[in-house]
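Have a look at the structure below, then the notes.
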Amino acid sequence: LIVSESIKNFLWRLRMSNREAVRKLLALLKDYTKIISIIFGCLLISTVLNLCVPLLSRRIMDDGFIGGNKELLIKLVLCSLMVYLVISVIDIIKEKNRINISAKIQYSLSEQAFSHLMKMKASYFNNKNYAEILNNINVDIGNMTSIADEGVFFVVTQAFSMTGGVIGLFILNWRMTILVLLFIPIKYVVMKKFAKQRKKVMDDFINDSQKYARWFGDTIGGVREVKLFGILNYKHAEFSQKQSKVVERQKKLNILSQWNNIIDTTLVQILVTVIYIIGANLVFKFQLSVGSVFAFITYSAYVTGPISAILNIGYLLSGIIPSTKRYYEFMNLQEETDKGKLIKPEFGNLKLEEVFFSYETDKPILTDVNIEIPKGSKTVLIGKNGSGKSTIINLLTRMYEPTAGQIKLKGVNIFEITLESYRNMISVVSQQIYLFNDTIRNNICIYKKVSDEVIETACKDSGLEDFLKEVSLDYVVGQNGAMLSGGQKQKIALARALVHDKPIIIFDEVTSNTDVYSEHQINGLLHTRLKEKTVIIITHKQEILQDVDQIVMLKDGAVVGTGKYDDLVINNAEFKDMLRGLKKMD
């Protein structure tokens, strides 16, 4: 049995501890040490200046207002204003650098995810749709990027403010300082409880969002069927059920955040109230000045603010860590194998030797397949649906790897050739070809610089010339060719193959959506423009069978016959049955 990717990743995710997830999050910051040093420098200067503010406030109150020294009052107020202005400038510098780090991390994670996605094995996309993939990546990157948010990124730097605040408190009154420090364990217990609840709700939110995105992408992809079968009401009911779960989870997260903020604010206000009461008692006993009370409250904020931030780190990480685990679970998925070193392969015979293949189950799709496709030959694969024709094409294009056996090009295992070099030898014209939301010209060229003359010749040979008389090469085809007919899409795909002029061309039901004239024109290319090419064809059209060099018959994943049309039609009863089947399909 082949162990499925999903099971591998589930086990990998279980092994990834919260500590490992935090380590990976912090690793995102390692490339920005210089910028972080600048930020730390700004914070240190800002902290020192902030420590001066309560002392200035105390003198303003005691010596200025209460002492009646107007001149000193004005000087102290202006000095305080200057300190605030300098702090503001430093904060702008600090925030500019922090935001820069956050943007770079977001781009880096997005670029890594995109690059990885483009190299993923084709099997990954079998049970995923684009909406689900995009949703998962965006949610996870958004959460992970918050590692550079002020509340998380500057927790370490809060020690500056907290240390200065504690020193200031002890200078003013050590007994009241102990009162402030008693606030820490109370806050810790409360925040730990909220963090635990948030982690559970966040896990459920991520899971429900993924399910909704999968359903949404599947429903939009099948919107035509929804309309034709009149099942909008059923789909709307499904939407209500799935979206309600997502909204409910989001509500819980928001409510938890609000409760967290409210309780944090309430605890701080209770502390301030106690300080006012005790401070007033000390003032009445002439043991503390009025200005000292207000300075004490300010220093208390310096201590309790960082405490809240430090204790909130667990609460904030409880939302980031699940996304971090899922993101790196995605990044851990296997990419296409490219261990080949041969950069310039030689064009020659293609050969499948004792090839077996199965999809993550014990049920074989291909069994002991042996096919030789001579250089420059024309080969047709025929068989019923599920016989293994498309699987062979996927193996030849290296979308899948054989479970056993080898595929060789001029005697060289194709996996010894670099993936880029090998695929540069193959063009595929498929029944389900994808067109980008771009011009006909760009869909034909696919970033290759080609003259209009070459493009027009290819369009003429592919039967697209008449359509171009109505529009132009700069006509935008829409999402996946939505503005075109099926036949027009296949003609563009054929023109693309002709323009790129690769030695091996695969036609996968290329004439399924074309008219009789276009079908004859495409078949005629086998003896003209494609005469020297190795052409592999999957078709249910009988007309082409007499014009090819060999026919390979497939049944239940095995080759049951190989030969020319005339020999098979005389000597092979299985072939005659297949011909009758093709006739019915046609």
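Hydrogens, waters and symmetry mates are skipped; everything else that's a heavy atom, side chains included, is used. This structure is a prediction, so every number in the text was calculated from the model and none was measured.
Here the rule is side chain to side chain contact (heavy atoms under 4.5 Å, CB included) with Leu579, and of Leu545, Asn572, Ile382 only Leu545 fits it. Partner Ser323 forms a side-chain hydrogen bond (donor to acceptor under 3.5 Å, both in side chains) with one of Asn136, Asp140, Thr145 and no other, that one being Asp140. A side-chain hydrogen bond (donor to acceptor under 3.5 Å, both in side chains) with Trp215 is found for exactly one of Gln243, Glu238, Gln210, Glu132, namely Glu238. For the side-chain hydrogen bond (donor to acceptor under 3.5 Å, both in side chains) test with Lys121, the passing option among Gln334, Glu336, Glu335 is Gln334; the others fail. Shown are Ile407, Leu342, Leu395; of these, the side chain to side chain contact (heavy atoms under 4.5 Å, CB included) with Ile414 is made only by Ile407.
Note that the CG atom of Asn437 and the CG atom of Asn443 stand 8.5 Å from one another [nearest 0.5 Å].
Salt-bridge annotation for Asp547 and Lys378: absent, with no side-chain N of the basic residue lying under 4.0 Å from a carboxylate O of the acidic one. Salt bridge Lys555/Glu574: present, at least one basic N to carboxylate O contact under 4.0 Å. The pair Asp556-Lys384 does not meet the salt-bridge criterion, since no charged nitrogen lies less than 4.0 angstrom from a carboxylate oxygen. Ion pairing of Lys410 with Glu346 is present here, as a side-chain N (NZ or NE/NH1/NH2) and a carboxylate O approach within less than 4.0 Å. Glu225 and Lys235 are not joined by a salt bridge, as no carboxylate oxygen comes within less than 4.0 angstrom of a charged side-chain nitrogen. The pair Arg441-Asp452 meets the salt-bridge criterion, with a side-chain N (NZ, NE, NH1 or NH2) lying under 4.0 Å from an Asp/Glu carboxylate O. A salt bridge links Lys408 with Glu353: the closest approach of a Lys/Arg side-chain nitrogen to an acidic carboxylate oxygen falls below 4.0 angstrom.
Within the 6.0 Å centre-distance limit, the rings of Phe575 and Tyr565 are counted as a close aromatic pair. Aromatic pair Phe330/Tyr328: ring centres not closer than 6.0 Å.
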- Show the numbers, then the answer: is there a side-chain hydrogen bond (donor to acceptor under 3.5 Å, both in side chains) between Ser102 and Gln106? CA-CA 6 Å; Ser102 180; Gln106 182 175 5; 5.6 Å; no
- Residue pair Phe239, Phe216: steps toward the ring pair (Phe, Tyr, Trp, His ring centres under 6.0 Å) verdict: CA-CA 8 Å; Phe239 166 82; Phe216 185 84; 7.9 Å; no
- Report the C-alpha separation of Thr337 and Glu401 in whole Å, then their side-chain angles, then the decisive distance to 0.1 Å, and conclude whether the side-chain hydrogen bond (donor to acceptor under 3.5 Å, both in side chains) test is met. CA-CA 9 Å; Thr337 301; Glu401 297 179 23; 2.4 Å; yes
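Smallest separation of non-hydrogen atoms from Ser390 and Asp508: OG-OD2, 4.2 Å.
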